[in-house]
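In what follows, chains carry the letters A, B, and so on, assigned in the order in which the sequence lines appear, proteins first and then strands, with residues in each chain numbered from 1. Here the structure is a predicted model, which means the values were calculated and not measured.
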2 protein chains.
Amino acid sequence: MGLSGKVTVMDSGAGAETVLGGGIAAFCEGCEVRDLTLCAPLDDGELAKLCSILHSTHVDAGRIILEEEEPADYVFNVTGGCIRLFKLLPDGRRAITGFLFPGDFLGLTSRETYAYSAEALTPAMLCRFPRRKLEGLFEEMPKLERRLLGMASNELAAAQDQMVVLGRKAAGEKVASFLLLLSNRQVARHVDANPVIVPMSRADIADYLGLTTETVSRTFTQLKTKGWISLQAQGRVLIRDEEALRDLAEGV
Amino acid sequence: MGLSGKVTVMDSGAGAETVLGGGIAAFCEGCEVRDLTLCAPLDDGELAKLCSILHSTHVDAGRIILEEEEPADYVFNVTGGCIRLFKLLPDGRRAITGFLFPGDFLGLTSRETYAYSAEALTPAMLCRFPRRKLEGLFEEMPKLERRLLGMASNELAAAQDQMVVLGRKAAGEKVASFLLLLSNRQVARHVDANPVIVPMSRADIADYLGLTTETVSRTFTQLKTKGWISLQAQGRVLIRDEEALRDLAEGV
DNA sequence: CGGTTACTTGATGCATATCAAAGAGGGTGG
DNA sequence: CCACCCTCTTTGATATGCATCAAGTAACCG
């Protein structure tokens, strides 16, 4: 135990704090991302039932939430902060397979273990569901399963887009695609499209785009020099010429 | 109409032939991939109902089955042959997002349009379902929806593996990963793991791995020179040193 | 058996990686 | 509140793996 990253959210010790379970929908009333999550299609009574099996949890930045190959006993809804999903090669190379934001779902797998590791990139809030209990609710609430299928389909489409980025786009196109992706996801959660909030490091972006830290940095500089973006405080990126960025991203 | 690739399987004209619909499960009796497909969890009565909405179709090699951005009115089960899924950039660059084999599912999307194009790479057999009718059966047969969620989760895991390949592996590691993937998928459909049957061209493999035709070819030659594989007739690849190939693929 | 397409091999170039070091934030303790 | 330190970012110089361009060879199909 202690401060090592090996302590996950499943052990309810060491810093990750459980807030609530069991009650009625009161807790979910204030949820700002309800229309994006698993819970979107449920009425108040159904929501209460779902609430009875969830634990809302805060995780500190840098904390590991779950690890590849570990038993997939829980699934999560992200309600705040940003999470990175990644896979490691034996020699330490890292591939980030996605970033999660409020409303996103975490931990879905058809196997008995997780397919990737997940780490909080900023302080984050999660709703944690025991997987078996959630599956137990499917019969009673088929809407839940339908919703999960819809979310999985969306993730699949996003994964396919990312394969195009990784396999066939040049560095500039990759970075432009990335900025527009973040911008679009802000819109989905009712945040202004511009400026783009970039909470992740250059190294994270590099591992997501199949580049190096240096190349990502150079590419930002080039976009800035062209006047298409400007870099602001706290990792904010102002898009100054969206059309140019979009053309670049699409490979026109 | 005519011979242009623009004629898809949805138009039931020009070469793609509908075999049957409507009957009882008789047609499915001989299906060799029933345990892999959507139909796996269904009993005979349920299968008959599913049969009543399906059309079994043969498609010629090279024929386009569905196109990105077109209305997603049908979904398909592949029962024979090999299909490539791809996305194009405006300047003609192509990214192949996956290859489908018997037992695989095609056309799943949460949106109203397909997320990619699909083309028969060899002569192929498909079971075609009207999407709305299939969704209509979900209430009656929740097993069907459960199965679809499982298949989508599997696809998602495969997509994440592929992101690691595309983003962080070198050419040799990519090709080794690819050969082992094909081998593993043969095992899943009860085909011997070795030799690996490679029905796709070097260009297809290149577009799947984010390489060029020439690099794929050179890499095959290198693996051959090391004695790890040998190239046989009809695109068969004999794996001679699986452990070496596996270590290479995993990046050890 | 000839034509066509796919594959292989070679020579060269370039985009991005790698190695290296300086500069900018951001948080902490005095 | 300021100074210091640590980490992240930026920039520069060089190296290299893969792409590109080019041509020969093998496989396949009618």
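- The minimum heavy-atom distance between A193(A) and V187(A), with the atom names listed, is CB-CG2, 3.6 Å.
- Here the closest heavy-atom approach between residue K224(A) and residue L231(A) is recorded as CD-CG, 4.0 Å.
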Please tabulate, for the side chains in residues 157-164 of chain A, all donor-acceptor contacts under 3.5 angstrom to protein atoms that are two or more places apart in sequence or on a different chain.
from    : atom 1 : to      : atom 2 : distance (Å)
D161(A) : OD1    : K87(B)  : NZ     : 3.0
Q162(A) : OE1    : Y208(A) : OH     : 3.4
Q162(A) : NE2    : Y208(A) : O      : 2.9

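- G210(A) comes within 4.0 angstrom of sugar-phosphate atoms only, judged by non-hydrogen atoms across all strands, and of no base.
- Pairing each heavy atom of T109(A) with each of A72(A), the nearest pair is CG2-CB, 3.5 Å.
- Between Y116(A) and L106(A) there is a side-chain heavy-atom pair separated by less than 4.5 Å.
- For the helix from dC1(C)-dG30(D) to dG30(C)-dC1(D), the rotation axes defined at the first and last 5 base pairs enclose an angle of 50°, given to the nearest 10°.
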Atom pairs under 3.5 Å: protein N/O with N/O of nucleotides 27-30 of chain D:
none

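- Considering all non-hydrogen atoms of both residues, Q186(B) and I197(B) come closest at OE1-N, 2.7 Å.
- The residue S201(B) sits close only to the backbone: its heavy atoms come under 4.0 Å of sugar-phosphate atoms, none of a base.
- Between R168(A) atom CZ and dC18(D) atom P the separation is 13 Å, expressed in whole Å.
- In plain terms, the two heavy atoms of T79(A) and C31(A) that are nearest each other are CG2-SG, 4.4 Å.
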Collect all protein-nucleotide pairs involving nucleotides 11-14 of chain D in which both atoms are nitrogen or oxygen and the distance is under 3.5 Å.
from    : atom 1 : to      : atom 2 : distance (Å)
dT11(D) : OP2    : T221(A) : OG1    : 2.6
dG12(D) : N7     : R218(A) : NH1    : 2.9
dG12(D) : O6     : R218(A) : NH2    : 3.1
dA13(D) : N6     : R218(A) : NH2    : 3.3

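- For K169(B) and dC18(D), the NZ to C1' distance is 18 Å, given to the nearest whole Å.
- Atoms CD and CG, on E250(A) and D91(B) in that order, are 11.0 Å from each other to the nearest 0.5 Å.
- The shortest distance between side-chain heavy atoms of L182(A) and M200(A) falls below 4.5 Å.
- The nucleotide range of DNA chain C contacted by chain B, defined by atoms under 4.0 angstrom from heavy atoms of the protein and reported 5' to 3', is dC7(C) to dA11(C).
- Residue-level contact check: L231(B) touches the backbone only, with heavy atoms under 4.0 Å from sugar-phosphate atoms and none from bases.
- Dense packing is recorded around CZ of R93(A), with more than 12 heavy atoms of other residues, nucleotides or ligands lying under 6.0 Å away.
- Across all non-hydrogen atoms, the minimal contact from P199(A) to F101(A) is CG-CE2, 4.4 Å.
- A heavy-atom distance below 4.0 Å to DNA chain D is reached by none of the residues of residues 83-99 of chain B.
- Annotation: the span from D204(A) atom CG to F99(A) atom CZ amounts to 5.0 Å, rounded to 0.5 Å.
- Atom CG in L166(B) sits about 15 Å away from atom C1' in dC18(D), given to the nearest Å.
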Show your working on salt bridge (Lys or Arg N to Asp or Glu O under 4.0 Å) between R185(B) and D104(B) and close with a plain yes or no. CA-CA 10 Å; R185(B) 298 193 65 179; D104(B) 290 333; 2.3 Å; yes
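- Counted within 6.0 Å of CD on Q232(A), heavy atoms from surrounding residues, nucleotides or ligands total more than 12; the atom is thus considered enclosed.
- Counting heavy atoms from C-beta on, the side chains of I83(B) and L126(B) come closer than 4.5 Å.
- For R240(A), the CZ atom counts as loosely surrounded, since its 6.0 Å shell holds 12 or fewer non-hydrogen atoms of other residues, nucleotides or ligands.
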